[in-house]
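Below is one structure, written out as structure tokens; comments come after it.
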Amino acid sequence: MSMADEKKIPLIAIIGPTAVGKTALSLSLARALKGEIVSVDSRQVYRYMDVGTDKVSREVCREIPHHLINVADPDQPFSAADFVRGAQDAISRIHARGFVPILAGGTPFYFHAFERESLCEELPSDWGLRERLEKLPKVELARRLEDVDPESARRVHPNDGVRLLRALEIFELTGRTATQWYTEQAARSGVRASRYAIFYIGLTQPYEILYERIERRVREQFESGYAEEVKWLLDRGYDPRLPALQGFGYRELVRYHEGTMTYEEALAGDVRSTKAYARRQRTWFTKFEHVRWFDVSQCGGAEALVSELVPMCECHLAGEE
RNA sequence: GGCGGGAUAGCUCAGUAGGUAGAGCAGCGGACUGAAAAUCCGCGUGUCCCCAGUUCAAUUCUGGGUCCCGCCA
């Protein structure tokens with residue numbers, strides 16, 4: 001083991017699709033390992049969105065500190081770059097205090113950005129510019145990108161408005177193409193080693209069982225005041241077009257309150273979108289390297305899993321891999 | 001009981017001036033560099049309700065039947 005490896009901060013990371021049981025496991029591991037949780041969830045960062053995002057309760061947060069939960073208002077854009085900065089900061093503080101940082105959550109893009117440190121600090125964004133560009137038809141966006149950055153144009157599908165917009169935004173704001181930025185950054189990250197040694201624990205479950213759990217969970221959310229939460233956000237003046245309100249459940253319940261969708265349709269739509277999301281998560285997570293995968297429907301229950309995992313984690317934390 | 005409308009993919013429906021059919025949604029797979037619970041891409045064999053008739057050929061036309069939905073009794 002080299003000097004560089006010894007200096008790395010060891011982390012535990014729990015990944016897997018929504019409703020597979022990441023939160024429960026993260027709490028058990030935090031108790032067993034003297035850990036604190038770093039939430040890797042693009043929706044739990046927002047305040048006032050509790051029921052729909054399955055946040056842990058205040059009591060639990062008092063017992064086990066949670067980071068990157070409730071750090072933005074629903075109308076404050078929160079980006080993957082904000083996450084990476086926040087996570088790095090939280091991890092330093094947890095580590096300095098002598099506790100174990102446990103990353104847990106279902107947003108694969110955030111894990112990806114964090115591990116690769118793939119977002120350049122210097123790259124800006126500008127929501128006003130996005131709004132202006134958004135008014136143009138996609139073919140026009142694609143044509144412009146073809147002009148300024150043909151390589152990005154080849155990489156981005158002409159129908160993928162969000163990515164066309166981002167590539168154009170980078171060019172407009174910096175005068176240099178996304179391709180140039182990414183090439184430089186790839187060269188840089190090639191020489192700089194990661195500051196962290198991450199032990200990935202992956203939870204899976206056959207879709208048949210996972211889908212049942214998703215259905216049950218969404219039902220519980222609807223019975224626990226999900227509709228009222230969305231009503232409250234709307235009454236407070238939050239624009240339904242905000243990114244924070246585009247998640248499943250939220251967007252359906254907005255339509256329910258507008259009267260363009262029934263309660264039952266909103267529930268069914270939420271379940272469907274959540275299932276589709278679980279599939280997208282799997283597409284991401286199965287590409288992650290060095291993950292210890294556990295099928296939670298086959299490993300003899302959560303408790304058996306915890307007692308198996310604790311020694312493995314301790315081993316990793318001691319730097320023995 | 002009478003009159004009309006309908007029966008096609010898991011669902012909602014389009015279509016074939018007769019040559020065995022296709023959209024949206026769902027489902028499945030994939031992509032992803034500052035919106036990521038977002039955004040985007042790919043994948044479509046199904047007794048075209050049943051029986052008979054006309055025809056070289058019927059999911060399509062004709063007759064009968066079954067079921068569903070309206071309206072009238």
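Every chain is numbered from 1, with letters handed out A, B, ... down the list of sequences. What you are looking at is a predicted structure, and each value in this text was computed from that prediction instead of being measured. Heavy atoms only: backbone and side chains are in, while hydrogens, waters and symmetry mates are out.
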Check: Among residues 243-257 of chain A, which residues get a heavy atom nearer than 4.0 Å to RNA chain B?
Finding: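 Output list: Gln246(A), Gly247(A), Phe248(A), Arg251(A).
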
Notebook entry, point to check: Among residues 128-155 of chain A, which residues get a heavy atom nearer than 4.0 Å to RNA chain B?
Noted result: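 The answer is Arg130(A), Glu134(A), Lys138(A).
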
Next item on the list: Determine which pairs satisfy salt bridge (Lys or Arg N to Asp or Glu O under 4.0 Å) with at least one residue from residues 37-53 of chain A, sequence neighbours left out, and list them in order.
Entry: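 Listed by first then second residue: Arg47(A)-Asp73(A), Asp50(A)-Lys55(A).
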
Taking any heavy-atom pair under 4.0 Å as a contact, classify [X]: base, sugar-phosphate, or nothing.
X         : result
Tyr211(A) : sugar-phosphate
Gln185(A) : base
Trp181(A) : nothing
Tyr110(A) : sugar-phosphate
Thr53(A)  : base

Please tell me which of the listed nucleotides, [options], lies nearest to the side chain of [X]?
X         : options                   : result
His157(A) : rG27(B), rA35(B), rC41(B) : rC41(B)
Arg272(A) : rU39(B), rC32(B), rG27(B) : rG27(B)
Arg166(A) : rG29(B), rA31(B), rA35(B) : rA35(B)

Any [X] side-chain N or O less than 4.0 Å from OP1/OP2 of [N]:
X         : N       : value
Arg282(A) : rG29(B) : yes
Lys287(A) : rC32(B) : yes
Ser79(A)  : rA35(B) : no
Asn159(A) : rU39(B) : no
Arg43(A)  : rA36(B) : yes

Can you tell me, in whole Å, how much space there is between the [atom1] of [N] and that of [M]?
N       : M       : atom1 : answer
rU8(B)  : rG22(B) : C1'   : 10 Å
rC25(B) : rG1(B)  : C1'   : 40 Å
rC49(B) : rC13(B) : P     : 15 Å
rG6(B)  : rG42(B) : P     : 35 Å
rA57(B) : rG18(B) : C1'   : 8 Å
rU12(B) : rA26(B) : P     : 15 Å
rA38(B) : rG5(B)  : P     : 45 Å
rG24(B) : rA31(B) : C1'   : 23 Å

Distance-only, no hydrogens or angles: does the [X] side chain make a donor-acceptor pair with backbone N or O of [Y] under 3.5 Å?
X         : Y         : answer
Glu117(A) : Ala113(A) : no
Lys22(A)  : Gly16(A)  : yes
Gln246(A) : Pro240(A) : yes
Gln44(A)  : Thr53(A)  : yes
Glu169(A) : Leu129(A) : no

Check: If you find the nucleotide of RNA chain B closest to Tyr207(A) and the one closest to Gly161(A), which residue's nucleotide is nearer the 5' end?
Finding: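 The 5'-side residue here is Tyr207(A).
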
Checklist line | Of Glu122(A) and Thr107(A), the one whose closest RNA chain B nucleotide lies more 5' | finding: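 The 5'-side residue here is Glu122(A).
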
Using atom types as modelled, flag every donor-acceptor pair under 3.5 Å from a side chain in residues 201-210 of chain A to any protein atom, sequence neighbours excluded.
unit_1, atom_1, unit_2, atom_2, d
Thr204(A), OG1, Phe294(A), O, 3.4
Tyr207(A), OH, Arg282(A), NE, 3.2

Check: Is there a donor on the side chain of Arg163(A) or the base of rC32(B) sitting less than 3.5 Å from an acceptor on the other?
Finding: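 Side chain to base: pair found, below 3.5 Å.
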
With a 4.0 Å cut-off, would you call [X] and [Y] a salt bridge?
X         : Y         : result
Arg155(A) : Glu151(A) : no
Glu265(A) : Arg255(A) : no
Asp82(A)  : Arg85(A)  : yes

Note to self: I need the minimum non-hydrogen distance between Ala87(A) and Leu68(A), along with the two atoms involved.
What the structure shows: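 For Ala87(A) versus Leu68(A), the nearest heavy atoms are N-CD1, 3.6 Å.
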
Margin query: How close do Pro243(A) and Trp127(A) get, counting heavy atoms only, and between which atoms?
Written below: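 That would be CG-CH2, 3.7 Å.
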
Could you state the atom-to-atom distance from [atom1] of [X] to [atom2] of [N] in whole Å?
X         : N       : atom1 : atom2 : answer
Tyr277(A) : rU39(B) : OH    : P     : 13 Å
Leu68(A)  : rA36(B) : CG    : P     : 14 Å
Asp82(A)  : rA36(B) : CG    : C1'   : 13 Å
Lys275(A) : rG29(B) : NZ    : C1'   : 18 Å
Asp160(A) : rC32(B) : CG    : P     : 11 Å
Gln281(A) : rU39(B) : CD    : C1'   : 16 Å
Tyr46(A)  : rA36(B) : OH    : P     : 5 Å
Leu165(A) : rA35(B) : CG    : P     : 10 Å

Next item on the list: Map every base of RNA chain B to its dot-bracket character, where paired means a Watson-Crick or G-U wobble contact with both distances under 3.5 Å and | marks a partner outside the strand.
Entry: (((((((..((((.....[..)))).(((((.......))))).....(((((..]....)))))))))))).

Note to self: With ring-ring contact (aromatic ring centres under 6.0 Å, His included) as the test, pick out the partner of Phe288(A) among Phe109(A), Tyr200(A), Phe114(A).
What the structure shows: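 By the ring-ring contact (aromatic ring centres under 6.0 Å, His included) criterion, Phe288(A) pairs with just one of Phe109(A), Tyr200(A), Phe114(A): Tyr200(A).
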
Next item on the list: Return each pair, listed once, that meets ring-ring contact (aromatic ring centres under 6.0 Å, His included) where at least one residue sits in residues 32-53 of chain A; pairs must be two or more places apart or across chains.
Entry: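 Every ring-ring contact (aromatic ring centres under 6.0 Å, His included) pair that includes a residue of residues 32-53 of chain A, provided the two are not neighbours, is Tyr48(A)-Trp232(A).
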
Check: Got a second to check how far Ile102(A)'s CD1 is from Ile91(A)'s CD1, nearest 0.5 Å?
Finding: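 Ile102(A) CD1 to Ile91(A) CD1: 11.5 Å, rounded to 0.5 Å.
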
